[in-house]
Amino acid sequence: MSSLHLPQQMLLLIIEKIINNALALNINHNNALRDLAGKTLTIKLSELNFPITLTANDTQLLVTSIDGESDCQLFANIAALQELQRHQQLTELIKQDKLDIQGDLKVAQRYASLFENISIDWRTELAKHIGDVPTYKIEQFSLWLSAKFKFAAEQIQADASEWLVHEKQLAVTSDQIEDFSTQVNQLSQRLQQLESQMNQLEKTLSTDPALAAANNKGQTVE
Amino acid sequence: MSSSEQAPVNPKESSDSDNTTHFGFQTVEKHEKESKVAGVFHSVAQQYDIMNDLMSFGLHRLCKRFTIDASGVRPGNTVLDLAGGTGDLTARFSKLVGREGKVILADINSSMLNVGRDKLRDQGLVQNIEYVQANAQYLPFEDNTFDIITIAFGLRNVTDKEMALRSMHRVLKPGGRLLVLEFSKPEYPLLDKAGKFFSFNVLPKIGKLVVNDSESYQYLAESIQMHPDQETLKAMMEEAGFEQTTYTNLTGGVVALHKGYKF
Ligand SMILES: C[S@@+](CC[C@H](N)C(=O)[O-])C[C@H]1O[C@@H](n2cnc3c(N)ncnc32)[C@H](O)[C@@H]1O
């Protein structure tokens with residue numbers, strides 16, 4: 001599965017950019033982030049062979065596939081999260097072994113609250129940025145992500161006195177959006193270039209006997 | 001074509017003995033290699049980031065992110081980004097270890113360090129980063145200092161790799177891990193050929209065009225060929241004392257990430 005490591009990183013990078021772009025839109029995120037700084041939430045979906053770990057610092061939320069120690073771990077599968085979407089109780093799902101949380105529940109709640117605040121339209125955002133990147137589990141991802149926001153909403157409703165919901169929004173500067181989409185576009189363009197370059201090289205190497213011979217020469221070291 | 005010059009597969013056995021070592025495909029006195037490598041990186045420092053993106057189509061960024069994820073870094077950790085150059089890994093580590101953590105960007109080359117320092121400062125990353133000019137072979141840190149050490153695209157430039165690995169082992173805390181990201185041996189022959197073609201024909205030309213320095217990029221291409229393959233590097237790490245050593249091939253083995261623990 002080694003070939004999937006980089007597409008996976010690409011996807012995490014895009015998710016991270018989408019989240020931070022949304023954070024930049026919302027003036028209230030700063031406080032929420034500061035509260036979360038240094039806290040990690042790891043989400044393990046049985047359908048994915050890598051974890052998704054959220055790490056907050058004062059200004060950003062980082063999305064990685066770091067495994068291991070985490071302040072809070074959430075284990076679930078997509079079906080369970082869909083049930084959550086149908087307003088089933090969290091505790092009920094935990095009882096049925098469909099969802100499990102280990103560690104500091106407060107951390108999960110705070111992340112949930114942060115996501116509730118910044119409300120991202122994942123389907124649209126992912127579609128915008130992913131373009132031609134292999135459609136690796138994207139559909140499941142977006143299902144999962146939308147379910148996460150339901151989860152967030154429920155958590156906040158359940159504990160409204162503790163979790164202040166800020167609704168004030170400030171416009172992000174157009175520069176930030178531009179900068180962000182250029183970066184993502186450039187990266188996917190480079191990946192495409194690489195692919196066509198490799199195809200071209202493959203063609204050249206298999207059709208040009210002189211080149212093939214020269215390259216063979218460089219390889220005969222054993 | 002320079003790739004037809006012969007490169008021994010296992011530089012460790014073939015010539016690292018005695019007082020000579022490799023500088024690309026050339027055999028040079030060990031003491032000469034350092035200054036020659038220094039020359040290369042002084043020369044490329046200013047344009048290093050741009051060239052990296054051009055040469056790898058941006059893929060080096062994903063490889064570096066993968067390395068950081070594989071390190072299992074946590075807020076509060078102390079990290080050494082060795083041969084860290086212009087600080088790509090340091091930047092992300094700094095965000096992940098947060099206020100309580102610390103990242104040391106160490107490199108033998110002052111030009112690379114300066115470019116790195118300016119870049120990270122421009123990104124507002126100042127709080128938890130220190131800069132140290134150091135040779136990987138003689139790390140100027142106490143024993144058992146770091147939770148994580150990374151060396152990305154750096155080890156192949158080091159004169160005495162074994163010595164450097166031992167030095168890294170010494171400064172890691174028990175339970176700490178080393179991650180070596182480096183060019184390696186492609187898993188598929190066609191990819192190997194394509195890589196060689198790219199390294200020896202395209203890379204120096206891009207070097208010439210963009211920074212008017214084809215020689216430095218010729219050295220980089222040659223040093224990629226001379227670096228030990230996956231199994232050899234794994235054995236070298238084990239020899240230096242690392243345990244549970246594993247590697248992951250990225251982009252079909254063109255690049256590999258080795259990981260080992262100190263217990
Ligand atoms: C190709 S650059 C990699 C920089 C950075 N890690 C990255 O991945 O972008 C290699 C770096 O290794 C450094 N280097 C070479 N020999 C070294 C040594 N003996 N000790 C420490 N750094 C060294 C060079 O100065 C250069 O900055």
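So you know, we letter chains A, B, ... as the sequences are listed, proteins then strands, and number each from 1. Reckoned from all heavy atoms, side chains included, excluding hydrogens, waters and symmetry mates.
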Peer 1: Check whether B/R74 gets within reach of chain A through its side chain, its backbone, both or neither, counting any heavy atom under 4.5 Å.
Peer 2: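 When you check distances to chain A, only side chain atoms of B/R74 fall under 4.5 Å.
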
Peer 1: Over 60° means perpendicular and under 30° means parallel, so classify the ring planes of B/Y219 and B/F23, tilted if in between.
Peer 2: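 Plane angle under 30°, so parallel.
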
Peer 1: Looking at residues at least two apart in the chain, or sitting in another chain, which of them share a salt bridge (charged side-chain N to carboxylate O under 4.0 Å, His left out) with B/R117?
Peer 2: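 Testing B/R117 for salt bridge (charged side-chain N to carboxylate O under 4.0 Å, His left out), a comparison that skips the adjacent residues, returns none.
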
Peer 1: Which region of A/T40, side chain (C-beta onward) or backbone (N, CA, C, O), has a non-hydrogen atom less than 4.5 Å from a non-hydrogen atom of chain B, or is it both or neither?
Peer 2: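 Side chain only.
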
Peer 1: With chain B, which of A/L62, A/T59, A/N57, A/T55 has the greatest number of heavy-atom pairs at distances under 4.5 Å?
Peer 2: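 Counting heavy-atom pairs under 4.5 Å, the top option is A/L62.
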
Peer 1: With sequence neighbours left out, write down each residue that passes side-chain contact (heavy atoms from CB on, under 4.5 Å) with B/N52, or none if nothing qualifies.
Peer 2: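 For B/N52, the residues satisfying side-chain contact (heavy atoms from CB on, under 4.5 Å) (neighbours in sequence not counted) are B/Y48, B/M55, B/H60, B/K64.
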
Peer 1: Pick one of side chain, backbone, both or neither for A/E69, based on which atoms fall under 4.5 Å of a heavy atom in chain B.
Peer 2: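 For A/E69, backbone and side chain are both near chain B.
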
Peer 1: Can you check whether B/F25 and B/F200 have ring centres sitting under 6.0 Å from each other?
Peer 2: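 Aromatic pair counts; centres sit under 6.0 Å.
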
Peer 1: Roughly how far apart are B/Q123 CD and B/T90 OG1, rounded to 0.5 Å?
Peer 2: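 Going from CD on B/Q123 over to OG1 on B/T90, the span is 10.5 Å.
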
Peer 1: So which part of A/D71 gets closer than 4.5 Å to some heavy atom of chain B, the side chain, the backbone, both or neither?
Peer 2: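 For A/D71, the contact with chain B is made by backbone and side chain together.
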
Peer 1: Against chain A, label B/V97 side chain, backbone, both or neither, depending on which of its atoms sit under 4.5 Å from a heavy atom there.
Peer 2: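 No part of it gets close to chain A.
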
